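Below is one structure, written out as structure tokens; the observations come after it.
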Amino acid sequence: MIAADGVFVGISELATLAVGPVPRRGPAMGELGIVPNAALAIRQGRIVWTGAERQLRRQVRLAGGRRPVDLGGRAVLPGFVDAHTHLLFAGDRHREITWKLEGLSYSEIARQGGGIYSTVTATRRASDAELVRSALDRLRRMHSWGTTTAEVKSGYALTLEGELRLLRLVPRLARASGVNLVPTFLGAHAVPPEYADRADVYIDQLVERWLPRVARAGLARFCDVFCEPGFFDVAQSEKLLFAAARLGFGLKVHADEFHALGGAALAARVEARSAEHLLTTPSSEYPQLASAGVVAVLAPVTPFAALSALRSPGRELVDAGVPVALGTDLSPNSWVEAMPLVLAHAVYDARLSPSEAITASTVNAAYAIAEEERAGQLAPGRPADFSVFPVEHAVEVPYRFGTLPARVYRRGKLVFSR
Ligand code: ZN
């Protein structure tokens with residue numbers, strides 16, 4: 001008999017995502033490891049048993065005095081993993097949506113005082129307390145919408161001390177919010193105003209001084225770069241990523257979001273963990289991603305928020321054998337916190353099947369941020385991070401636009417209910 005201190009019954013479908021190698025690719029992305037009429041047992045915040053509810057009594061002993069929690073015939077999914085966020089920033093850019101609707105270009109918006117540099121200015125000016133308060137506010141909503149693990153990129157300070165400060169806040173935010181957070185150093189988010197027209201000099205600074213400082217302090221698991229015209233070209237990005245790899249960082253690339261610059265091919269060449277966005281990547285580069293084992297992290301709400309005609313090539317990447325993951329790309333430029341909305345866009349815009357969208361937001365997203373041992377699957381030994389959705393079938397979550405969880409559990413504790 002397996003000893004448990006918590007048992008959940010009345011689960012119409014339990015999507016375990018516990019079948020097959022990680023990351024999932026091709027047809028395996030559609031396999032959710034569903035257990036119908038299921039139960040789930042936990043001990044000290046970890047899963048100890050999953051299976052059919054009728055097997056429960058024979059296999060699991062619940063600690064004396066405790067009663068099973070009846071989830072009322074609803075579907076249970078692993079907590080979402082948001083594999084791409086720019087969570088840490090000050091201020092907002094709500095005025096820009098009107099300017100975008102009026103047809104202003106990115107550089108015209110910057111001239112009106114908007115764009116990324118307005119967020120850099122606000123973030124540099126903000127106190128630690130202000131940054132923590134606003135990020136925590138966002139994290140609480142993310143948590144309530146089913147996200148239990150998320151990546152957090154730095155990149156809105158663009159000074160050495162400022163970037164270190166942002167990264168130091170991440171563990172504090174994880175403790176305060178209860179969300180499992182993975183930090184990524186994105187000093188190469190844009191060329192800081194102090195280095196205008198001197199991107200080469202800035203990259204040398206990052207390589208020689210900033211990266212070693214971040215590495216010594218153990219503040220980031222990944223190094224990312226914004227590889228786009230006007231930001232960092234392929235040669236500059238490659239120099240930074242090779243230096244980061246030598247220091248032990250995992251690698252990520254913001255690749256081909258606006259222009260096909262060769263960012264995806266670069267990600268394959270440096271064996272990055274992930275290439276992100278890929279809105280304009282030529283399909284001829286997909287096989288390179290597939291054979292290098294690079295995960296495509298798509299943020300299908302981002303082109304929508306940019307009023308762009310581009311769409312995330314989810315279907316095409318899955319068909320090419322590339323493992324696909326999902327993220328919100330939460331930032332002041334595309335302010336989305338709700339993973340259920342991302343899943344719906346992944347289906348209706350990026351053309352993943354509902355099952356593939358669930359895989360991309362759980363097990364594959366966990367792999368994209370090297371959390372595959374701790375997140376994205378509901379199996380014995382793993383943290384009991386899961387959400388209860390008010391639907392009978394798991395695939396109804398992406399099918400219904402923006403379905404919110406009725407309950408969210410993190411390490412077996414109820415953190416939200418509605
Ligand atoms: Zn991004």
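All residue numbers refer to positions in the sequence shown, counting from 1. What you see is a predicted model, and the numbers here were worked out from it, not measured in a lab. Every number for a ligand or one of its atoms is a count from 1 in the order of the listing.
- Nearest N, O or S atom of Asp329 to the Zn ion (ligand 1): atom OD1.
- Considering the Zn ion (ligand 1) as centre, the angle to NE2 of His84 and to NE2 of His254 is 90° (10° rounding).
- For an aromatic pair to be called close, the ring centres must be under 6.0 Å apart, and His345 with Phe401 satisfies this.
- Aromatic ring centroids of Tyr409 and Phe386 lie under 6.0 Å apart.
- Using modelled atom types and a 3.5 Å distance limit, the side chains of Glu163 and Ser154 yield a donor-acceptor pair.
- For the residue pair Glu151/Thr184, the side-chain donor-acceptor check at 3.5 Å is satisfied.
- Among the atoms of His86, an N, O or S atom falls under 2.8 Å from the Zn ion (ligand 1).
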